[in-house]
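Working notes, beginning with the structure itself.
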Amino acid sequence: MTDQASYKGKCFCGMVAIEVRGEPVAMGYCHCNSCREWSAGPINAFTLWTQGAVHVTKGGEHMEAYQKSDTSVRKFCELCGGHLLTEHPLWGVTDVYAAVIPSLRYTPTLHVNYAETVFRVKDGLPKFKDMPAEMGGSGELLPE
Ligand SMILES: [Zn+2]
Ligand SMILES: [Zn+2]
């Protein structure tokens with residue numbers, strides 16, 4: 001356990017620091033409206049981790065949460081507004097935004113919620129209409 005990989009991340013101002021340990025269970029892009037509105041970007045590059053892999057190492061008292069739906073608890077720094085992660089309690093995983101942990105080699109394997117896209121990406125990866133079946137979705141694929 002001591003030799004497992006770890007990746008450090010921080011908010012925009014640096015007051016909140018996190019560390020994720022081990023390897024992500026999935027990496028990809030989410031095109032949903034919620035990710036777009038929350039991130040103010042066209043798509044969200046996500047990395048999913050088991051809940052035990054994610055640790056707040058500094059400034060946890062400055063971490064705020066916003067929960068709009070049952071599926072997502074979005075965490076950010078109250079000082080700078082910088083986003084850190086989204087907990088998905090129903091699925092038992094946490095999305096640490098790829099941009100927050102730059103030392104992790106981001107290797108996406110899928111796109112999810114492509115039905116809601118405003119930004120088509122022709123990278124040859126599978127484009128799920130919503131989610132893969134094993135994550136509770138339809139598993140249906142859409143053209144790029
Ligand atoms: Zn901050
Ligand atoms: Zn999303």
Side-chain angles (χ1 to χ4, degrees), residues 5-144:
S6 74
Y7 307 95
K8 291 184 192 324
K10 56 182 169 51
C11 66
F12 189 51
C13 76
M15 288 296 286
V16 182
I18 62 167
E19 188 173 314
V20 287
R21 295 175 198 147
E23 294 302 328
V25 294
M27 294 191 259
Y29 298 98
C30 185
H31 294 252
C32 82
N33 293 325
S34 290
C35 280
R36 182 160 51 252
E37 291 170 4
W38 169 253
S39 70
I43 52 177
N44 173 35
F46 65 81
T47 72
L48 295 181
W49 304 77
T50 57
Q51 285 166 325
V54 183
H55 306 268
V56 178
T57 53
K58 192 181 88 167
E61 70 275 20
H62 296 303
M63 211 165 173
E64 279 289 344
Y66 181 77
Q67 183 168 5
K68 189 177 184 179
S69 71
D70 289 346
T71 53
S72 301
V73 182
R74 298 170 187 274
K75 302 237 169 141
F76 59 98
C77 169
E78 65 177 359
L79 300 173
C80 68
H83 299 171
L84 290 154
L85 54 88
T86 299
E87 293 168 354
H88 297 298
L90 300 181
W91 303 325
V93 291
T94 297
D95 169 11
V96 179
Y97 312 124
V100 167
I101 41 174
S103 65
L104 174 74
R105 203 167 83 83
Y106 179 64
T107 47
T109 60
L110 77 170
H111 292 250
V112 298
N113 295 311
Y114 207 63
E116 298 172 40
T117 193
V118 297
F119 186 76
R120 296 190 171 273
V121 181
K122 307 218 189 254
D123 59 2
L125 294 176
K127 306 293 183 304
F128 285 90
K129 180 184 168 199
D130 41 72
M131 295 289 220
E134 61 269 30
M135 292 176 73
S138 69
E140 206 176 309
L141 290 167
L142 294 177
E144 288 197 318

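FYI, the numbering just counts along the sequence from 1. What you see is a predicted model, and the numbers here were worked out from it, not measured in a lab.
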Original post:
Is the shortest heavy-atom distance from the side chain of T57 to the side chain of K8 under 4.5 Å?
Top reply: no
Original post:
Is the backbone N or O of L125 less than 3.5 Å from a side-chain atom of K127, with the two atoms forming a donor-acceptor pair by type?
Top reply: yes
Subject >> Ring geometry between H83 and W38 (parallel below 30°, tilted from 30 to 60°, perpendicular above 60°) >> reply: parallel
Original post:
Would a distance-only check, ignoring hydrogens and angles, find a side-chain to backbone donor-acceptor pair under 3.5 Å from T86 to D95?
Top reply: no
**OP:** Determine whether the side chains of H31 and E116 contain a donor N or O and an acceptor N or O closer than 3.5 Å.
**Re:** no
**OP:** To the nearest 0.5 angstrom, please state how far the CD atom of E78 sits from the SG atom of C11.
**Re:** 10.0 Å
**OP:** Taking side chain to side chain donor-acceptor pair (under 3.5 Å) as the test, write out the residues that go with E140, two or more places apart.
**Re:** none
Original post:
Say you draw a straight line from NE2 of H111 to CZ of R120; how long is it, rounded to the nearest 0.5 Å?
Top reply: 11.5 Å
Original post:
Where do N113 and C30 come nearest, in terms of heavy atoms and distance?
Top reply: ND2-SG, 3.3 Å
**OP:** Nearest 0.5 Å please: distance from the OH atom of Y97 over to the SG atom of C35.
**Re:** 7.0 Å
Original post:
Take atom CG in D70; do more than 12 heavy atoms of anything else shown fall under 6.0 Å from it?
Top reply: no
Original post:
Nearest 0.5 Å, what's the OG1-CZ distance between T47 and R105?
Top reply: 14.0 Å
Original post:
Under a 4.5 Å cut-off applied to non-hydrogen side-chain atoms, are L104 and M27 in contact?
Top reply: yes
Subject >> Expected output: side-chain Y106 to main-chain G28 donor-acceptor under 3.5 Å >> reply: yes
**OP:** Tell me, with the steps shown, if S34 and S72 meet side-chain contact (heavy atoms from CB on, under 4.5 Å).
**Re:** CA-CA 10 Å; S34 290; S72 301; over 6 Å; no
**OP:** Show your working on side-chain contact (heavy atoms from CB on, under 4.5 Å) between K75 and I18 and close with a plain yes or no.
**Re:** CA-CA 12 Å; K75 302 237 169 141; I18 62 167; over 6 Å; no
Original post:
Is atom CZ of F12 surrounded by more than 12 heavy atoms (other residues, nucleotides or ligands) closer than 6.0 Å?
Top reply: no
**OP:** Using the six-membered ring wherever Trp is involved, compare the ring planes of W91 and H88 and label them parallel, tilted or perpendicular (cut-offs 30° and 60°).
**Re:** tilted
**OP:** State, to 0.1 Å, how close L79 and C13 come at their nearest heavy-atom pair, and which atoms those are.
**Re:** CB-SG, 4.2 Å
Subject >> Chi angles and distances behind the side-chain contact (heavy atoms from CB on, under 4.5 Å) call for F128, L141 >> reply: CA-CA 5 Å; F128 285 90; L141 290 167; 3.9 Å; yes
**OP:** Examine distances only and state if a side-chain atom of E144 and a backbone atom of G124 form a donor-acceptor pair shorter than 3.5 Å.
**Re:** yes
Original post:
Can you check whether N44 reaches Y29 side chain to side chain, under 4.5 Å on heavy atoms?
Top reply: no
**OP:** Could you pull out the closest heavy-atom pair between P132 and V112, with the gap in Å?
**Re:** CD-CG1, 4.0 Å
Original post:
Are there more than 12 heavy atoms of other residues, nucleotides or ligands under 6.0 Å from atom CE of M15?
Top reply: no
Original post:
Would V100 and L85 count as a side-chain contact (heavy atoms from CB on, under 4.5 Å) if you check the C-alpha gap in whole Å, the side-chain angles of each, and the deciding distance to 0.1 Å?
Top reply: CA-CA 8 Å; V100 167; L85 54 88; over 6 Å; no
**OP:** Using atom types as modelled and distance alone, determine if a side-chain donor or acceptor of T94 lies under 3.5 Å from a backbone N or O of W49.
**Re:** no
